[in-house]
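Quick notes on the structure that follows.
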There are 2 protein chains.
Amino acid sequence: MARDTEKATLVDVARVAGVSLATASRAMSTPQLVRPATLAKVLKAVQWLGYLPDGAARALASRRSRTVGAVVPTLDNPIFASSTQALQRELGESGYQLLIASHEYDAGRELAVTQALLERGVDALALVGTDHVPAVWTLLAGCRRPYVLTWSLDEGGHHPGIGIDNREAMARVARHLHDIGHREFAVISGHTAHNDRARARLAGVRAALLGRGIELAASRVVETDYSVEAARTALRALARLRPRPTAIVCGNDVLAQGAMAEAHALGLAVPADLSVTGFDDLALVASAPPGLTSVRIPAAEIGQRTARYLLARLAGVAAPDRTELPVELVVRGSTGPPPAAASRARARPPR
Amino acid sequence: MARDTEKATLVDVARVAGVSLATASRAMSTPQLVRPATLAKVLKAVQWLGYLPDGAARALASRRSRTVGAVVPTLDNPIFASSTQALQRELGESGYQLLIASHEYDAGRELAVTQALLERGVDALALVGTDHVPAVWTLLAGCRRPYVLTWSLDEGGHHPGIGIDNREAMARVARHLHDIGHREFAVISGHTAHNDRARARLAGVRAALLGRGIELAASRVVETDYSVEAARTALRALARLRPRPTAIVCGNDVLAQGAMAEAHALGLAVPADLSVTGFDDLALVASAPPGLTSVRIPAAEIGQRTARYLLARLAGVAAPDRTELPVELVVRGSTGPPPAAASRARARPPR
DNA sequence: TTGTATGCGTTATCAT
DNA sequence: ATGATAACGCATACAA
């Protein structure tokens, strides 16, 4: 099949097929414009030579790279892994490849990788969140390519976005916990600097509780890394508070998992002694103990919609510039008596 | 800063800076070859014009794209997310971008995406595993670019690889479980077709048990999707076996998580009634109940080493073609009496 | 439907 | 240290 070891070019294909370079090119890119017989000849030559198109040359000549860029904080968070996976899949079905860059929640690196993707010639760009340094906005405005912000929607509505209402979702969680009797709350949050999702979620809890006349003291909020170990440490600290919180609201699944693990280690039953609430749950809810409250986020759908939006824009088709996806409040299993109520029933003096 | 709205090219930069195209090019790629004063002029022009290099043109002329490709089954598995994240990070520090493609355990798609990456002009390639269709091997041999197989090492030692001994790792788990008293085993495995990791892990359990005189019946092995829900279903089936298995060995963390969840739902205590064993643990061990046995895999290190190997090859430096990373057997907490022994102590008639 | 000729934006070779 | 210029491999306007 492979005739020799040198890299074959379209010129070689054309020569072997006995057609012109232009015809060979058309056979590859727009087969419907060449006579079936000639197409066959070209294809045979391609096979024979083991010809692979050169993407760089293609991109240079056509001014399109058939590549889309994604800037994410990290793939190490299941929600980004999941949405990115969906994005990649959907794009692949239309012949696009995904170029991924992560910045690990570092604003400087985000600028650098965004620029790197643009230089690589991505045809479109998807970024996570609405928190970006001015230089990133400058790049986006200057590059004249479709882009979309994911996971969060910007307040002003000035940028295309596909996401959820993080704030309201978390507020619903807090209100639910209050409804079933909880009065002592604490929050384990991700770092809120340069992270609009974490900020919105925390704000959601704050606002909801304030609406019920509860003010969340600073000592009841721990900002920490998104890691199981960090969350365990956080829970240990929160468990020492008096009155002890009965409801721990966690900024995402990793934190909730750590919190639950540490609660068990401390001999606290979840949710009997302590109610832990997750967010982002992909696997969490499926494997959590009954009574756990959580929010089910459509991660894969965000990726899919992101792909569809960008593909539409790349095809020159109009597409809605703003899509808010619904989230679902999930209370797993029947809880028996509300944890907080139960906890109060056998109340002990706060020390 | 940005002078106008048109895309600036190096020619523009050269003109504005009052130097030749060649000098402008050198200023960008090999600054040490131009006089500091001229360099400054060029850099000023770059700023002024908001110039961004064109990667396609660069790649075409230099025959290098500064891009590395990774072919993974899916990002939705935490181990691949983690190793890919590390790979990306390490490559980024050397100015390379990662082009990711996933095939979702479909051999046909793997070939397609591998070819797509090659066409995109990746300078090097990392693939997961040793199971590949002939056409993929043909591509790898023909493209004359560095590549490396990750997670598994091939038997013949014919391909560069960075991975672990999946088979031996799982065998150690099985031997440990036998040592602490288990006699009734069952396995929840990923699909073994086109997945050498799953095959090796299952083979490891089989071989280890055979070494102890135990044959693993077909009814005690369930092959299933890598999902929590699928694992729950699998555990439900296994829990109905008589004699009931006391040790459930899971092919990876997702499966273990599902198995534990379902065990709880069935009212079985883990690990008192049922010992669940994970693999791949990233967060699993940190949040698992005491007594859980697992294997700690160096996912991030695999990504890091993969990057280093490829970077070395790209730099023309020699590098070891085969790296086997150690895995760690982890038994969390003290277990009290061996679960199996305890289970036998209050044995009930197998029906 | 097919062929001819030009240009895409950069690197690299050769002078100077 | 800098400048002129020829590739790089393909797409595409235009001609036939």
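Every chain is numbered from 1, with letters handed out A, B, ... down the list of sequences.
For A:Arg58, the side-chain atoms get nearest to D:dC10 when compared with the rest of C:dT4, C:dG9, D:dC10. Taking the side chain of B:Leu60 as heavy atoms from C-beta on, and the options C:dG9, C:dT1, C:dG3, the nearest nucleotide is C:dG9. The listed nucleotides are D:dA11, C:dT4, D:dT2; the one nearest the side chain of A:Ala61 is D:dA11. Closest contact between the side chain of B:Val11 and the listed nucleotides C:dT10, D:dT12, D:dT2 involves C:dT10. Residue A:Thr9 places its side chain closer to D:dG9 than to any other of D:dG9, C:dT2, D:dT2.
For the pair A:Tyr51 OH and D:dC10 C1', the interatomic distance rounds to 7 Å; values are reported in whole Å. Residue A:Arg64 contributes atom CZ, which lies 16 Å from atom P of D:dC10 at whole-angstrom precision. Atom CG in B:Asp12 sits about 9 Å away from atom P in C:dG9, given to the nearest Å. The nearest whole Å value for the distance from the CZ atom in A:Arg66 to the C1' atom in D:dA11 is 10 Å. In this structure, A:Leu10 atom CG and C:dG3 atom P are separated by 13 Å, rounded to whole Å. Protein atom CD of B:Glu119 is 13 Å distant from nucleotide atom C1' of D:dG9, rounded to whole Å. Rounding to whole angstrom units, CG of residue A:Leu52 and C1' of D:dC10 are separated by 14 Å. Atom CG of A:Leu21 and atom P of C:dT1 are 19 Å apart (whole Å).
Checking the phosphate oxygens (OP1, OP2) of C:dT1, no side-chain nitrogen or oxygen of A:Arg26 falls inside 4.0 Å. The shortest distance between the side-chain N/O atoms of A:Thr23 and the OP1/OP2 oxygens of C:dT1 is not below 4.0 Å. For B:Lys7, no side-chain nitrogen or oxygen approaches OP1 or OP2 of C:dC8 to under 4.0 Å. Phosphate proximity of D:dG3 to B:Ser20: present, with a side-chain N or O under 4.0 Å from OP1 or OP2. A:Ser29 has a side-chain polar atom (N or O) that falls below the 4.0 Å cut-off from OP1 or OP2 of D:dA11.
Nucleotides of DNA chain D nearest to B:Ala22 and B:Ala57 differ in position, and the one nearer the 5' end is that of B:Ala22.
A donor and an acceptor atom, one from each side chain of A:His191 and A:Tyr226, are nowhere located under 3.5 Å apart. Side-chain contact, B:Gln97 with A:Glu119: no donor N or O sits under 3.5 Å from an acceptor N or O.
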Residue pair A:Arg305, A:Tyr309: steps toward the side-chain hydrogen bond (donor to acceptor under 3.5 Å, both in side chains) verdict: CA-CA 6 Å; A:Arg305 298 263 196 154; A:Tyr309 172 79; over 6 Å; no
Could you list the donor-acceptor pairs under 3.5 angstrom formed by side chains in residues 14-33 of chain A, with sequence neighbours left out?
{"unit_1": "A:Arg15", "atom_1": "NH2", "unit_2": "A:Asp12", "atom_2": "OD1", "d": "2.8"}
{"unit_1": "A:Ser20", "atom_1": "OG", "unit_2": "A:Ala22", "atom_2": "N", "d": "3.4"}
{"unit_1": "A:Ser20", "atom_1": "OG", "unit_2": "A:Thr23", "atom_2": "N", "d": "3.2"}
{"unit_1": "A:Ser20", "atom_1": "OG", "unit_2": "A:Thr23", "atom_2": "OG1", "d": "3.3"}
{"unit_1": "A:Ser29", "atom_1": "OG", "unit_2": "A:Ser25", "atom_2": "O", "d": "3.0"}
{"unit_1": "A:Thr30", "atom_1": "OG1", "unit_2": "A:Arg26", "atom_2": "O", "d": "3.4"}

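At the heavy-atom level, B:Ser25 lies under 4.0 Å from base atoms of the strands shown. B:Arg63 comes within 4.0 angstrom of sugar-phosphate atoms only, judged by non-hydrogen atoms across all strands, and of no base.
Applying the 6.0 Å contact sphere to CD of A:Glu155 captures no more than 12 heavy atoms from other residues, nucleotides or ligands.
Taking the six-membered ring where tryptophan is involved, the planes of B:His159 and B:Tyr147 are tilted, since the angle between them lies from 30° to 60°.
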